[in-house]
2 protein chains.
Amino acid sequence: MSISSRFAVGIHILTLIEVNKDRVCTSEFIAGSVNTNPAVIRKIMGMLKNAGLVNVRPGIAGAELAKDLSEITLLDVYKAVNVVQENELFSIHENPNPACLVGRNIQDTVSSVFSTAQSAMEKALETVTIKDVVTDILEKEKL
Amino acid sequence: MSISSRFAVGIHILTLIEVNKDRVCTSEFIAGSVNTNPAVIRKIMGMLKNAGLVNVRPGIAGAELAKDLSEITLLDVYKAVNVVQENELFSIHENPNPACLVGRNIQDTVSSVFSTAQSAMEKALETVTIKDVVTDILEKEKL
DNA sequence: ATACTTGTAATCGAATTAATTACAAAAGAG
DNA sequence: CTCTTTTGTAATTAATTCGATTACAAGTAT
């Protein structure tokens, strides 16, 4: 199974707010760029807001970044949109047999490895910022 | 969303075959340790077999490792049980608006980052072998 | 022939996803 | 104050995936 596209959409939203910073970014406008329903955008935007990445206010059109571009990592976005719970990237099989040597110990052992692997992935996300994404997109457009 | 527990179960199966190598490991016996249905075990075992990690034959009770313990990495198991497709750990949002600067470029940019993050996770899995898992479990039991 | 096992397909309920509709509440314009 | 626009949020829907279960054909040994 794949990690929810909320993450990709969250990145899209933040990137668009920056690139389009001279104009007002309503949920409808953003939905037009992402190609989805405005309510989906508002829901994800609410998560970004709770995480302190974005400023939006009821009744007032438009969203703005709440932090500097270069201080928002993709890990921040990933955590904000809640696509993977802490230490739950991998599922552990529940209730193995405690009467079996392997059954009663495998969960601890495997959890530890899974945790390490998940951390490696998250560290990779931490090295990239929204600024990097914006720069990369503008770069692509030049060619 | 979490990665299917098939992965954790696959690790459990291989570990159990090793730890229990002096006895015959039928799908029913393994299911008893994992605490699931034998058909589930047979399905996963079929995947491990296709990947060349295990020897099983129709009608003949018991499974054996097809490789040395120390030569089976968790990445091998992960790939065998098909829990995550190549470059599909993260979902990309489909059909962003090509008329938008961000919409027409975001997929490439984001895919590249996602691929890097997925690789980091898989590399971590590659550093651990079934032998490590077995050793860790036996170690735990000593205490 | 009988008993046991593997291989595999079909089915089921549960959980999750993204999309959609609907509407209350907030803000601003006239 | 009234009307319009927008955000915030809940409810519903169809599609997808998962693990469990049942069932049975086919292979092997006694």
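Please read all numbers here as calculations on a predicted model, not as lab measurements.
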Review point. In whole Å, what is the span from the CD atom of B:Gln85 to the C1' atom of D:dT16?
Key: 14 Å

Check your understanding: Would you call the rings of B:Phe7 and A:Phe90 parallel, tilted or perpendicular if under 30° counts as parallel and over 60° as perpendicular?
Key -> tilted

Review point. Looking only at side-chain N and O atoms, does B:Thr26 come under 4.0 Å of OP1 or OP2 in C:dT6?
Key: no

Point to revise | Minimum-distance nucleotide to A:Ser4 side chain [options: C:dA18, C:dG7, D:dT21] | key: C:dA18

Revision key, fill the gap. With the side chain defined as heavy atoms from C-beta on, B:Glu28 is closest, among D:dA20, C:dT5, C:dT20, to C:dT5

Review point. Going by distance alone, is a donor N or O of one side chain under 3.5 Å from an acceptor N or O of the other, for B:Asp76 and B:Thr73?
Key: yes

Point to revise | Between P of D:dG19 and CG of A:Asn95, the distance in whole Å | key: 14 Å

Exercise for review: Whole angstrom is fine here: how far is it from NZ in A:Lys43 over to C1' in C:dT20?
Suggested key: 13 Å

Practice item. With the side chain of A:Thr36 defined as its heavy atoms from C-beta on, choose the nearest nucleotide among C:dG7, C:dA19, D:dT7. Key: C:dA19

**Study point:** Check: B:Phe29 main-chain N/O paired with B:Ser33 side-chain donor or acceptor under 3.5 Å
**Key:** no

**Study point:** Between C1' of D:dC18 and CD of A:Glu94, the distance in whole Å
**Key:** 14 Å

Check your understanding: With a 4.0 Å cut-off on heavy atoms, is A:Ala39 in touch with a base, just the backbone sugar-phosphate, or nothing at all?
Key -> base

Practice item. Assess the side chains of B:Asp132 and B:Thr129: does a donor N or O sit below 3.5 Å from an acceptor N or O? Key: yes

Revision key, fill the gap. DNA chain D nearest-nucleotide lookup for B:Ser2 and B:Arg57: closer to the 5′ end is B:Ser2

Exercise for review: Compare the minimum distances between each of C:dT6, C:dA19, C:dA26 and the side chain of A:Pro58, then state the nucleotide with the smallest one.
Suggested key: C:dA26

**Study point:** Sugar-phosphate, base or nothing in reach of A:Ser91, heavy atoms under 4.0 Å
**Key:** nothing

Check your understanding: Under 4.0 Å between a side-chain N or O of A:His93 and OP1 or OP2 of D:dA20?
Key -> yes

Revision key, fill the gap. Closest to the side chain of B:Arg42, out of C:dT8, C:dA19, C:dA27, is C:dT8

Check your understanding: Can you tell me if the side-chain N/O atoms of B:Lys49 get under 4.0 Å from OP1 or OP2 in C:dG7?
Key -> yes

Revision key, fill the gap. Taken to the nearest whole Å, CD1/B:Ile41 to P/D:dG19 is 12 Å

Check your understanding: So, A:Lys21 and A:Glu18, do they make that salt bridge, N to O below 4.0 Å?
Key -> yes

Review point. For the pair made of CD1 in B:Ile13 and P in C:dT6, what is the distance, rounded to whole Å?
Key: 11 Å

Exercise for review: Counting heavy atoms from C-beta on, name the nucleotide in C:dT5, D:dG19, C:dT20 closest to the side chain of B:Arg6.
Suggested key: D:dG19

Revision key, fill the gap. The nucleotide from C:dA26, C:dT17, D:dT22 with an atom nearest the side chain of B:Asn37 is D:dT22

Practice item. Send over the distance from A:Phe29 CZ to D:dT5 P, rounded to a whole Å. Key: 19 Å

Revision key, fill the gap. DNA chain C nearest-nucleotide lookup for A:Pro38 and A:Ile60: closer to the 5′ end is A:Pro38

**Study point:** Check: A:Thr135 side chain, A:Lys131 main-chain N or O, donor-acceptor pair, under 3.5 Å
**Key:** yes

Practice item. Can you tell me the distance, in whole Å, between the CG atom of B:Asn55 and the P atom of C:dG7? Key: 11 Å

